[in-house]
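Whatever order the structure lists ligands and atoms in, that order sets their numbers, starting from 1.
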Amino acid sequence: MLKVLKFGGTSVGTLERIQNVANIIKKIKDEGHDVIAVVSAMSGETNKLLEYAANFSNNPEANEIDMLLSSGERVTSALLSIALNEQGYKATSMSGREAGIVTDNAHTKARIESIDTTNMKNALNDGKVIIVAGFQGVTEDSKRVSTLGRGGSDLTAVAIAGAIEADVCEIYTDVDGIYTTDPRIEPRAKKLDKISYDEMLELASLGAKVLQNRSVEMAKKLNVNLVSRSSFTPEVEGTLITKEENIMEKPVVSGIALDRNQVRVGMYGVIDRPGIASSIFTALADANINVDMIVQTRGLDGTTDLDFTIPRTDWEDCKKVMEKFKTETKNIDYNDTICKVSIVGVGMKSHTGVASKAFSALANENINIRIISTSEIKISMVVEEKYAELAVRALHDAYNLDK
Ligand code: ASP
Ligand code: MG
């Protein structure tokens, strides 16, 4: 098999840990696989470099920041390659440029445009392990080094796996996979063997520390089998993130996600005329505000009530947009002591009674549901934040996710 492995900052955070990663690679090589490893900078390194720059300027040139930050990943790739060579494994480090990664010109947030795999294929044919410095490429126009945005090494790994048609892309962090819910909230949470791309994207809050969302989207697009596993317990099989067709037994519910960063916006007594929803939500979209759940209730006397949720980070911008609708609304209020709990599962598509079970589970705990929204594979409910953990545990229990 051809395996692309990615080791995050914590996994290469010290010299001992870099040796540990070398040992993981040696074992996989000994099993007869070809290996391309993508590495992050040692943990804390990228932030340290940014602080250095801030010492000289509040507004450094983006292409200089890329020159600076790309060095962090290069250090790890070279050290890892040196460690492997010393132990008799043929290895070679590659910068993003050497790995053939060409990006657009958007320094510090570049997008990968293409990957020329010739260099990597030649090295593999020579029996070499390739260690690629993650998070970087070269711009197509000025041929300067570029970086892909924070956490971008995951993208490097997925993009390479897609371009070179690797059998699997294993993302090593300090967590051994994706769990049915946050184990800090529900200690009985179980590690999932398999999960579909779409479920993973909906459960983003559970994978947040493990997988960058952009890279899951890319894996879906390029059809790359992703595995989330730990470099600290490499003997433990992680979670496979793959396309739905590859999952034979589809659980009705795969996991419970919690989002505490939502604010509920209530617009009461909105003049009920055709086009009002369109003008409100167009104005919010124009301000780049990510509206999530929306409910409109039947009003009285030619008015209606609208409730919707937004990320807390968009709150100030949202207030500005709401100013425009003051004259058409009796009252606008905000509630940030709420949270959103979601149950996610592809099996929902073909089962009935999934939603009612969730509602009963919360009712049994006397938890009031403020807003409900559903999609094909997700049911989300807004509840008071003080019930967040109780709600997660009640739902985890209702769908027997600990079994
Ligand atoms: N070192 C970069 C960062 O900290 C990229 C990465 O780790 O994926 O954002
Ligand atoms: Mg990282």
Side-chain angles (χ1 to χ4, degrees), residues 4-15 17-18 20-21 24-25 36-54 60 62-81 93-99 101 103-104 106-112 115 130-139 144-163 166 169-175 200 204 207-219 222 224 226-232 238 241:
V4 173
L5 317 175
K6 187 260 165 175
F7 297 94
T10 325
S11 297
V12 294
T14 64
L15 301 181
R17 287 181 181 176
I18 292 177
N20 173 53
V21 167
I24 294 175
I25 294 175
I36 300 174
V38 175
V39 289
S40 284
M42 296 169 80
S43 58
E45 194 60 26
T46 308
N47 288 336
K48 192 186 84 185
L49 293 170
L50 281 171
E51 279 164 28
Y52 284 173
N63 72 89
E64 297 299 350
I65 288 297
D66 280 353
M67 185 69 166
L68 179 71
L69 296 191
S70 59
S71 68
E73 279 48 28
R74 285 171 176 239
V75 169
T76 357
S77 62
L79 291 176
L80 187 51
S81 181
S93 60
M94 287 190 188
S95 65
R97 179 202 303 261
E98 288 170 304
I101 301 174
T103 73
D104 64 11
H107 281 287
T108 73
K109 45 176 189 296
R111 286 183 165 271
I112 297 177
I115 302 186
I130 303 170
I131 317 288
V132 181
F135 160 70
Q136 58 193 279
V138 60
T139 60
R144 289 277 287 172
V145 63
S146 53
T147 65
L148 309 178
R150 298 306 303 270
S153 298
D154 284 7
L155 275 181
T156 303
V158 174
I160 288 178
C169 178
E170 300 188 337
I171 311 277
Y172 285 81
T173 63
D174 51 358
V175 183
M200 188 65 240
K209 296 194 325 293
V210 188
L211 293 168
Q212 191 205 35
N213 243 13
R214 250 173 95 195
S215 60
V216 179
E217 274 161 14
M218 187 186 278
L222 302 179
V224 169
L226 269 184
V227 173
S228 158
R229 60 192 306 170
S230 167
S231 63
F232 297 98
I241 301 133

Asp66 side chain vs Thr108 backbone, donor-acceptor pair below 3.5 Å
yes

Can you check whether Ser231's main-chain N or O pairs, donor with acceptor, with Asn20's side chain at less than 3.5 Å?
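Yes, Asn20 side chain to Ser231 backbone: donor-acceptor pair under 3.5 Å.
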
Is Phe135 in polar range of ligand 1, meaning some N or O pair under 3.5 Å apart?
no

Give yes if a backbone or side-chain nitrogen or oxygen of Lys6 is under 3.5 Å from a nitrogen or oxygen of ligand 1, and no if not.
no

If the cut-off is 4.0 Å to any non-hydrogen atom of [X], which atoms of ligand 1 fall inside it?
X      : result
Glu73  : 1 (N), 2 (C), 5 (C), 6 (C), 7 (O)
Ser40  : 6 (C), 7 (O), 8 (O)
Arg150 : 3 (C), 4 (O), 9 (O)

Using the side-chain contact (heavy atoms from CB on, under 4.5 Å) definition, which of the options Ile131, Ile36, Ile25 pairs with Leu5?
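Of all the options given, the one that passes is Ile25.
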
Non-hydrogen side-chain atoms of Met42 and Arg17 separated by less than 4.5 Å:
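No, their side chains stay 4.5 Å or more apart.
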
4.5 Å side-chain heavy-atom contact, Ser40 and Lys6
yes

Do any heavy atoms of [X] fall under 4.0 Å from ligand 1?
X      : result
Glu45  : no
Gly9   : no
Gly134 : no

Could you give the distance from CG (Leu50) to CZ (Arg150), rounded to the nearest 0.5 Å?
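Atom-to-atom, Leu50:CG and Arg150:CZ are 5.5 Å apart.
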
